There are 2 protein chains.
Amino acid sequence: MTLSKALEMYVKVIHKLECEQGKGKATSVTEIAEEMDVKPPSVTDALQRLDKLGMVKYEKYHGVRLTKKGKKVAQALACRYETLRDFLVLLGVPEEIASADACEIEHLANSETVRRLTMFVHFMKNSGQSDKWMEQFQEFMKSEVPPKDCE
Amino acid sequence: MTLSKALEMYVKVIHKLECEQGKGKATSVTEIAEEMDVKPPSVTDALQRLDKLGMVKYEKYHGVRLTKKGKKVAQALACRYETLRDFLVLLGVPEEIASADACEIEHLANSETVRRLTMFVHFMKNSGQSDKWMEQFQEFMKSEVPPKDCE
DNA sequence: AATCAGATTTAGACATGTCTAAATATAATC
DNA sequence: GATTATATTTAGACATGTCTAAATCTGATT
């Protein structure tokens, strides 16, 4: 019932391209292939499967559009991505790494986990205590040797 | 060069079973299959590939043992899992969910991310401020409506 | 309207990871 | 030592996701 990670990525990319372009136009196979750094036949294959799943309206030789269902999935993914990325950056993970990890984790984290992380980020940004806490955490990270690095 | 998520899971499970049993014995295909809830032929296939990759010593019909290399991978995974799980529990994610998510994320998070999470957990558990902070966070979670649930 | 370039799809290959059913090896029992 | 039950492997299927090479369609040019 749920999409694979790969298919979710296609949905996400189509959404991004639809947002970038004017609303009217359908998104082409080539655009998707370039954005995802895969070859066109892989895209065709994915689109055929996404169409069967009701996530996109795909017309042979004429590009693709997200359905309502597809848009909903894309928006949920975007929201999860934002949350995860914000959270990791807050913890001091470099932006590049935070983005990459968020992009992986968005596909598999439980909603409850995402909800907690969202609250954490909010707490950090909105509670009066957060500045003080953040300062202390920064200090802690400087002073402490990482206990073990799992490698 | 790096193992797939599926193969990493086999390594992890073999390690667990080796630890549970006396040291001497090799781990059997059936034990692994039961632990992972897959059928024996899937295990045979995975063991053949892990052997080629130098992660295990696999003797047809006579079970399997982790190599040094395999043990190292297993330990790194266990460490990552612990860190991720501890972290999620600290944030109030229910244990069941925390365990499941940790088990997914361990295979893909960047080391830098894991390191930051480790430090966060340490900070929470060891800095004098943590109790106060945790209390405030709990309070915040009760009072606030989750901003958006990404669904 | 015919042609041609570029985009797209199809066909067929391969890797990973799973399964069922059938063949085979191991180990325990008689 | 032969038989038999159990464990294991092989063979062959399928789904996902990728690729290359070849076929086909579309749209623009002449």
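Nothing here was measured: the structure is a model prediction, and the numbers come from that model. Below, read A as the first sequence line, B as the second, and so on, with proteins coming before strands; counting in each chain starts at 1.
Rounded to an integer number of Å, the gap from CD of B/Glu59 to P of D/dT9 is 11 Å. For the pair B/Glu8 CD and C/dG17 C1', the interatomic distance rounds to 15 Å; values are reported in whole Å. Atom NZ of B/Lys39 is separated from atom C1' of D/dT10 by 18 Å (rounded to the nearest Å). Atom CD of B/Glu31 and atom C1' of D/dT6 are 14 Å apart (whole Å). Per the geometry, CD1 belonging to B/Ile32 stands 14 Å off P belonging to D/dA7, to the nearest Å. As a whole-Å value, the separation of B/Lys60 NZ from C/dA25 C1' is 10 Å. In this entry the distance linking CG of A/Asp37 with C1' of D/dT18 reads 12 Å, nearest Å. Counting to the nearest Å, the P atom of C/dT16 and the CG atom of B/Leu3 are 11 Å from each other.
Nearest nucleotide to the B/Asp45 side chain, out of C/dT18, D/dC19, C/dT9: C/dT18. Checked against C/dT8, C/dT26, D/dC19, the side chain of B/Tyr61 finds its nearest nucleotide in C/dT26. Distance from the side chain of A/Arg49 is smallest for D/dT16 among the nucleotides D/dT16, C/dG17, C/dT24. Of the candidates C/dC19, C/dT10, C/dG17, the closest approach to any side-chain atom of B/Leu7 belongs to C/dG17. Listed nucleotides C/dT8, D/dT9, C/dC19 differ in distance to A/Ser28; the shortest reach to its side chain belongs to C/dT8. When distances run from any side-chain atom of A/Tyr58 to the nucleotides D/dT10, C/dG17, C/dT8, the shortest one goes to C/dT8.
Within the nucleic acid shown, A/Gln48 comes within 4.0 Å of sugar-phosphate atoms alone, with no base atom in reach, counting heavy atoms only. B/Val43 comes within 4.0 angstrom of no nucleic acid atom, judged by non-hydrogen atoms across all strands. Nucleic acid contact class of B/Ser4 (heavy atoms, under 4.0 Å, all strands): sugar-phosphate only.
A/Lys12 pairs in a salt bridge (Lys or Arg N to Asp or Glu O under 4.0 Å) with only one of the listed residues (A/Glu18, A/Glu35, A/Glu106), which is A/Glu106.
At most 12 heavy atoms of other shown residues, nucleotides or ligands fall within 6.0 angstrom of atom CD in B/Glu96.
Under the 6.0 Å cut-off for aromatic ring centres, B/Phe87 and A/Phe120 do not qualify, their centroids lying 6.0 Å or more apart.
In terms of phosphate contacts, A/Ser42 brings no side-chain nitrogen or oxygen within less than 4.0 Å of OP1 or OP2 of D/dT18.
Projected onto DNA chain D by closest heavy-atom contact, A/Tyr10 and B/Leu47 fall at different nucleotides, the more 5' of which corresponds to B/Leu47.
Counting only heavy atoms from C-beta outward, the side chains of A/Leu91 and B/Leu117 approach each other to under 4.5 Å.
Between A/Arg65 and A/Glu59 there is no salt bridge, since no side-chain N of the basic residue sits under 4.0 Å from a carboxylate O of the acidic one.
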